Protein chains: 2
Amino acid sequence: MGTNTTRLDRLLAEQLEECCAGDTGERIETLESLSDSADAGGDLQVLSALSDDTRYRLASLLAAADGELCVCELTAVVDVSDSATSHALGDLHDAGLVTRRKDGQWRYYDATERTERVLDALDETRGER
Amino acid sequence: MGTNTTRLDRLLAEQLEECCAGDTGERIETLESLSDSADAGGDLQVLSALSDDTRYRLASLLAAADGELCVCELTAVVDVSDSATSHALGDLHDAGLVTRRKDGQWRYYDATERTERVLDALDETRGER
DNA sequence: CCCATATCTGAACGAATGCACAGCTGTTCA
DNA sequence: TGAACAGCTGTGCATTCGTTCAGATATGGG
């Protein structure tokens, strides 16, 4: 964590004259406790997985389609090689964003609840602030 | 978009014998229309902004704290240089994830609705599938 | 006006990452 | 059993990206 608190000291000292506020150590402790509670589950892995164009397209395609899709259907839509598609789907699977089902020579993927919820959140706040 | 549809042709041909399904062109068109409707607003920019550890910490800190925080408070918690913090906050601002307010020599940031919704979605689906 | 301070900006360098290519596994069908 | 095919994996390369460093801008006080 950061240790240089001179600026924060001054800010708190200034705010003391305006309203309330406590001492620096206490303030930082409060903020750090908020910060530590973050990313209890692999949020960063999820966000990283979705932050690439290819993987984002695949994920939102799987979320938009109701029901699972075959790899060959997905490859037909994203314009990268089979290999890249497979890598991308593997990453999404590792992040818990898609499920994988094998059926003979075909393999089907589907979006998980987590994917849908995150994409919905983005959908619903489109155009705000 | 991808144009090699031989595999998809075969999949659809096989499914024809099992259940319903239409022709390849129609199928791809359906999927592409789903794909195109994605990312109408800068979803990728938002996801990219949140997919970095420093920016994620800043964003979730701002979302967790009720009300705005000063840059010096944020710098005290994330353990990177002032400059890196500033760069990170700038990126978050560009992505529409935080608001910026200037007050004298201090500058205050706050999380937007969009940030809170996305992080909530991740929170609420923690540990699923 | 000058200096200290808070924050931002541009450049540069090292690390991380997405992609294509080649080769591999496993399934289907003759 | 062997050919054809769906999909996965390892590797090298080109690009992107996060950070620090140095310097710029802007605010406040003496």
Side-chain angles (χ1 to χ4, degrees), chain A residues 2 4-15 17-18 44-45 47-59 68-95 98-109, chain B residues 2 4-15 17-18 24 44-45 47-59 68-76 78-95 98-109:
Chain A
N4 182 3
T5 62
T6 55
R7 269 184 296 171
L8 184 49
D9 284 329
R10 263 187 291 271
L11 171 66
L12 290 174
E14 184 171 305
Q15 287 185 341
E17 301 163 9
E18 295 177 1
L44 265 174
Q45 194 186 8
L47 292 164
S48 298
L50 287 176
S51 71
D52 166 69
D53 183 63
T54 300
R55 292 191 298 260
Y56 172 80
R57 292 181 80 93
L58 291 170
E68 53 193 13
L69 293 177
C70 175
V71 172
C72 65
E73 295 179 284
L74 295 165
T75 306
V77 177
V78 298
D79 55 350
V80 290
S81 66
D82 294 3
S83 169
T85 307
S86 187
H87 277 293
L89 289 170
D91 291 342
L92 289 172
H93 186 256
D94 288 346
V98 299
T99 58
R100 181 150 52 186
R101 185 177 70 85
K102 196 175 179 179
D103 180 37
Q105 70 188 137
W106 312 101
R107 195 162 295 213
Y108 293 90
Y109 285 84
Chain B
N4 181 4
T5 62
T6 54
R7 271 185 294 174
L8 183 49
D9 284 330
R10 261 187 291 271
L11 172 66
L12 290 174
E14 184 173 304
Q15 287 184 342
E17 301 164 9
E18 294 175 2
T24 311
L44 265 174
Q45 195 186 8
L47 293 164
S48 298
L50 288 176
S51 71
D52 166 69
D53 183 63
T54 300
R55 292 190 298 260
Y56 172 81
R57 293 179 78 94
L58 291 170
E68 55 193 12
L69 293 177
C70 175
V71 172
C72 64
E73 295 180 284
L74 295 165
T75 306
V78 297
D79 53 351
V80 290
S81 68
D82 294 2
S83 172
T85 306
S86 186
H87 278 293
L89 288 169
D91 291 342
L92 290 172
H93 185 256
D94 288 345
V98 299
T99 59
R100 183 153 49 190
R101 186 177 71 85
K102 195 175 180 179
D103 180 37
Q105 69 187 138
W106 312 101
R107 196 163 296 214
Y108 294 90
Y109 285 85

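Computation of the quantities below employed the complete heavy-atom set of this structure, encompassing side-chain atoms and omitting hydrogens, waters and symmetry-equivalent molecules. Computed from a prediction, not measured in an experiment: that's the story for all the values here.
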**Message:** Looking at dT20(D), I'd like to know if its phosphate oxygens (OP1 or OP2) sit under 4.0 Å from a side-chain N or O belonging to Ser81(B).
**Reply:** yes
**Message:** Could you tell me how far apart Tyr108(A) (OH) and dA6(D) (P) are, to the nearest whole angstrom?
**Reply:** 12 Å
**Asked** So, is Arg100(A) near the phosphate of dG7(D), with a side-chain N or O under 4.0 Å from OP1 or OP2?
**Response** no
**Asked** Heavy atoms under 4.0 Å, any strand shown: does Thr54(B) hit a base, just sugar-phosphate, or nothing?
**Response** sugar-phosphate
**Request:** Would you kindly give the CG-to-P distance between Asp79(A) and dC19(C), to the nearest whole Å?
**Result:** 9 Å
**Prompt:** Which is true for Ala84(B) with a 4.0 Å heavy-atom rule: it touches a base, it touches only sugar-phosphate, or it touches nothing?
**Reply:** base
**Test item: side-chain donor near acceptor, Arg101(B) and Tyr108(B), under 3.5 Å** = no
**Request:** To the nearest Å, give me how far apart CZ (Arg7(A)) and C1' (dG28(D)) are.
**Result:** 16 Å
**Request:** Please confirm whether any donor atom in the side chain of Ser86(B) sits under 3.5 Å from an acceptor in the base of dT9(C), or the reverse.
**Result:** no
**Request:** Hey, could you give me the CG/CG distance between Leu47(A) and Asp53(B), rounded to the nearest 0.5 Å?
**Result:** 11.0 Å
**Request:** Please state whether the phosphate of dT27(D), meaning OP1 or OP2, lies under 4.0 angstrom from any side-chain nitrogen or oxygen of Lys102(B).
**Result:** yes
**Prompt:** Going by modelled atom types, is there a donor-acceptor pair between the base of dT7(C) and the side chain of Ser83(B) at under 3.5 Å?
**Reply:** no
**Message:** What contact category does Asp52(A) fall into here, base, sugar-phosphate, or nothing, at under 4.0 angstrom with non-hydrogen atoms?
**Reply:** sugar-phosphate
**Item:** Distance, rounded to the nearest Å, where Leu58(B) contributes CG and dG18(D) contributes C1'
**Value:** 13 Å
**Message:** I'd like to check Arg7(B) versus Asp82(A) (side-chain heavy atoms, cut-off strictly below 4.5 Å). Are they in contact?
**Reply:** yes
**Request:** Could you say whether the aromatic ring of His87(A) and the base of dT9(D) stack, counting only centre distances under 5.5 Å and plane angles under 30°?
**Result:** yes
**Asked** Okay, side chain of Arg55(A), backbone of Ala49(A): is any donor-acceptor separation there less than 3.5 Å?
**Response** yes
**Prompt:** Would you say a side-chain N or O of Arg107(A) is under 4.0 Å from OP1 or OP2 of dG26(C)?
**Reply:** no
**Message:** How many whole angstroms separate atom CH2 of Trp106(A) from atom C1' of dG7(D)?
**Reply:** 11 Å
**Asked** Expressed in angstrom and rounded to an integer, what is the separation of Asp82(B) atom CG from dC8(C) atom P?
**Response** 10 Å
**Request:** Starting at atom CG of Asp53(A), determine the distance to atom P of dC17(D), rounded to an integer number of angstrom.
**Result:** 12 Å
**Request:** Look at the side-chain N and O atoms of Tyr109(A) and state whether any lies under 4.0 Å from the OP1 or OP2 oxygen of dC8(D).
**Result:** yes
**Item:** Residue Gln105(B), side-chain heavy atoms: nucleotide from dT5(C), dT27(C), dT9(C) that is nearest
**Value:** dT5(C)
**Request:** In whole angstrom, give the distance that lies between atom CG of Leu74(A) and atom P of dC8(D).
**Result:** 10 Å
**Asked** So do Leu58(B) and Thr54(B) actually touch side chain to side chain, heavy atoms under 4.5 Å?
**Response** yes
